[in-house]
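Report on the structure given below.
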Amino acid sequence: MDERQLRILRELGELGSVTAVAEALLVSPSAISQQLRLLQRSIPVPLTERHGRRLVLTDAGQALAGAAVEVETALARARHTVEEFVDRPDGEVSVAAFHSAGAAFFPLLLRAFAGPGHPVLALADEDVAQDDFPRLTREYDLVLAHRLDHAPPWPRAVTVTTLLREPLDVALPAGHPLAAAPALTPADVADQPWITVHDGFPVMATIEAIGAAAGRELRLAHRINEFAVAAETVAAGGGLALMPRWTVRPHPALVLRPLTGVRARRHIDALHRPERTARKAVRTVLTELRRAARTIQDRDGDRGRNRDGDRGRDRDGDRNRGAGALSADV
């Protein structure tokens, strides 16, 4: 039995004829009769009987019709509960992010949603490889993920909102001889020691591309995934590293220089399962993430121009070149 069949039985008890039920439910009498036959198959005792030309409920039919009222009431209450949940502006929204995205986006979200009447955030950092980000959408409403600009797209099972297409620059100590150049080529940096990520993380593809463009393999001195740790290592003279332009805090002892001749940009995307955005609170957080992305890009771009004129001038140029690669800071 299903809800529609129970409603037909209830209406038959109240209206007294198949024709009247059909008119009330805007269907044909034959459709009503078919549903009553299907319902009868699941019940071991007769639900209806003939009184002359009229079809009426038996005692069992009347008992089931009474229960149908309770079923419809419970279902209506359940629908109302779901509607309230979906429409709540202050519902809980879980957001996961890799480290540098969390450092950049989480504070902006928390400030935007401070006080009552806003979504309640449940934030988490997730240190996973690129291929594992889609699986996190089972656990979280929104997942901030990154991928190479030229990498295959995310699987169709998840919905994707691109927040940033962020260039990766070469980080080097402020006193380094290469720091005077407005931009660097693979040949410029190929003989330098490098601080890069562990095997299996996406930035390695860019490191390999630098070596291929320069015609020799780079010397990988240190393996560090976390950008903040890598920045301190660069500042201490441990080598060069690739750093995101907008989402990592500037280090006072470092300069960033754009890299030409290879694709050096990453996408920062918000992933979610399609049904998650049925909730108003999730849609609100996603809208705020897009606003935060604009703030991050504009703020860090202006900061770069104010601190380093060359870097600022190269910002738009790098964007127009359309180069791309992904950081492994997850």
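Only heavy atoms go into these numbers, but all of them, side chains included; no hydrogens, no water, no symmetry mates.
Taking the charged nitrogens against the carboxylate oxygens, Glu166 and Arg245 have no contact shorter than 4.0 Å, which rules out a salt bridge. With respect to the salt-bridge test (charged N to carboxylate O, under 4.0 angstrom), the residues Asp141 and Arg276 qualify.
A side chain to side chain donor-acceptor pair (under 3.5 Å) check over residues 104-125, counting only residues at least two apart or in different chains, returns the pairs His99-Asp125. For residues 209-218, the pairs satisfying side chain to side chain donor-acceptor pair (under 3.5 Å) are Asp191-Arg216, with sequence neighbours left out.
Inter-residue side-chain proximity for Ile224 and Thr233 is flagged as met; some heavy-atom pair is nearer than 4.5 Å. Counting heavy atoms from C-beta on, the side chains of Thr73 and Arg77 come closer than 4.5 Å. Side chains of Thr247 and Ile268 form a contact here, defined as non-hydrogen atoms less than 4.5 Å apart. For the pair Asp188 and Thr185, the minimum side-chain heavy-atom distance is below 4.5 Å. In this structure, Arg266 and Ser100 have side chains that are in contact, with non-hydrogen atoms separated by less than 4.5 Å. Contact annotation: the side chain of Leu110 approaches that of Leu123 to within less than 4.5 Å [non-hydrogen atoms, C-beta and beyond]. Put simply, the side chain of Leu184 does not reach to within 4.5 Å of the side chain of Thr260, judged on heavy atoms. With a 4.5 Å cut-off on side-chain heavy atoms, Val285 and Leu121 count as touching.
Partners of Thr284 by side chain to side chain contact (heavy atoms under 4.5 Å, CB included), not counting sequence neighbours, listed by chain and number: Phe113, Pro119, Lys280. Annotation: side-chain hydrogen bond (donor to acceptor under 3.5 Å, both in side chains) contacts of Gln62 (sequence neighbours excluded): none. Applying the side chain to side chain contact (heavy atoms under 4.5 Å, CB included) rule to Ser30 yields the partners Ser28; only residues at least two apart in sequence or on another chain are considered. Scored by the salt bridge (Lys or Arg N to Asp or Glu O under 4.0 Å) test, Asp90 finds Arg88 as partners (sequence neighbours excluded). Every residue two or more places apart in sequence or in another chain that forms a side chain to side chain contact (heavy atoms under 4.5 Å, CB included) with Ala174 is listed here: Val255. Partners of Arg291 according to the salt bridge (Lys or Arg N to Asp or Glu O under 4.0 Å) rule, which considers only residues two or more places apart in sequence or in another chain, are Glu288. Residues meeting the salt bridge (Lys or Arg N to Asp or Glu O under 4.0 Å) test with Arg219, sequence neighbours left out: none. Not counting sequence neighbours, the partners of Glu72 by the salt bridge (Lys or Arg N to Asp or Glu O under 4.0 Å) test are Arg10. Remark: Ala235 engages His251, Ala253, Leu254 in a side chain to side chain contact (heavy atoms under 4.5 Å, CB included) (not counting sequence neighbours).
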Would you check, one step at a time, whether the test side-chain contact (heavy atoms from CB on, under 4.5 Å) holds for His146 with Phe133? CA-CA 8 Å; His146 55 190; Phe133 280 111; 3.6 Å; yes

Criterion side-chain contact (heavy atoms from CB on, under 4.5 Å) on Met243 and Val170, from CA distance to verdict: CA-CA 6 Å; Met243 291 282 176; Val170 177; over 6 Å; no

Should Thr196 and Leu242 be marked as a side-chain contact (heavy atoms from CB on, under 4.5 Å) after you check the CA-CA gap, both sets of side-chain angles, and the distance that decides it? CA-CA 8 Å; Thr196 189; Leu242 291 175; over 6 Å; no

Please report the C-alpha distance between Gln192 and Leu178 in whole Å, then the side-chain angles of each, then the deciding distance to 0.1 Å, and finally whether the side-chain contact (heavy atoms from CB on, under 4.5 Å) criterion is met. CA-CA 10 Å; Gln192 301 292 320; Leu178 294 176; 4.3 Å; yes

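Counting heavy-atom neighbours within 6.0 Å of Arg4 CZ, excluding the residue itself, gives a total of 12 or less.
In this structure, Leu57 and Ala65 approach most closely via the heavy-atom pair CD1-CB, 3.9 Å. Residues Ala179 and Leu172 approach most closely at N-CD1, 3.5 Å, considering heavy atoms. When all heavy atoms of Val18 and Ser33 are compared, the pair lying nearest together is CG1-OG, 3.9 Å. Annotation for Ala145 and Leu271: closest pair CB-CD1, 3.7 Å, computed over non-hydrogen atoms. Considering every non-hydrogen atom in both Ala97 and Gly102, the closest pair reads CB-N, 3.7 Å. Contact detail for Val189 and Leu218: the closest heavy-atom pair is O-CD2, 4.5 Å.
Separation of atoms CD (Glu226) and CG (Asp127) is listed at 8.5 Å; rounding is to 0.5 Å. For the atom pair CD (Gln5) and CZ (Arg41), the distance works out to 10.0 Å, reported to the nearest 0.5 Å. The CG atom of Leu6 sits 11.0 Å away from the CD atom of Gln35 when rounded to the nearest 0.5 Å.
Note on Val128 and Phe98: same hydrophobic cluster, where clusters join Ile, Leu, Val, Met, Phe, Trp and Tyr whose side-chain heavy atoms are under 4.5 Å apart, directly or indirectly. Hydrophobic clustering of Ile, Leu, Val, Met, Phe, Trp and Tyr side chains at less than 4.5 Å, counting indirect connections, keeps Phe105 apart from Val120. Under the 4.5 Å side-chain heavy-atom criterion for Ile, Leu, Val, Met, Phe, Trp and Tyr, Leu75 and Leu9 are members of the same hydrophobic cluster. By the rule that hydrophobic residues join a cluster once side-chain heavy atoms approach within less than 4.5 Å of another member, Leu38 and Leu64 end up as members of separate clusters. Taken together through direct or relayed side-chain contacts under 4.5 Å among Ile, Leu, Val, Met, Phe, Trp and Tyr, Val56 and Leu15 form parts of separate hydrophobic clusters.
Between His272 and Tyr140, the gap from one ring centroid to the other reaches at least 6.0 Å.
Within the 3.5 Å criterion, the main-chain N or O of Ile8 finds no donor-acceptor partner in the side chain of Glu11. Under the 3.5 Å distance criterion, the side-chain polar atoms of Gln40 are matched with a main-chain donor or acceptor of Ile43. The main-chain N or O of Leu259 is never found under 3.5 Å from a side-chain atom of Asp169 such that the two would form a donor-acceptor pair. Checked by atom type and distance alone, the side chain of Thr137 never pairs as donor or acceptor with a backbone atom of Arg273 at under 3.5 Å. A distance-only check finds no donor-acceptor pair linking the side chain of Thr48 to the backbone of Leu55 [under 3.5 Å]. Checking side-chain atoms of Arg257 against main-chain N and O of Ala171 turns up no donor-acceptor pair under 3.5 Å. Arg283 contributes a side-chain N or O that, together with a main-chain N or O of Thr277, makes up a donor-acceptor pair within less than 3.5 Å.
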Extract all donor-acceptor atom pairs below 3.5 Å that involve side chains of residues 153-164 and protein atoms in other chains or at least two apart in sequence.
residue: Trp154; atom: NE1; partner: Asp269; partner atom: OD2; Å: 2.7
residue: Thr162; atom: OG1; partner: Asp269; partner atom: OD1; Å: 2.8

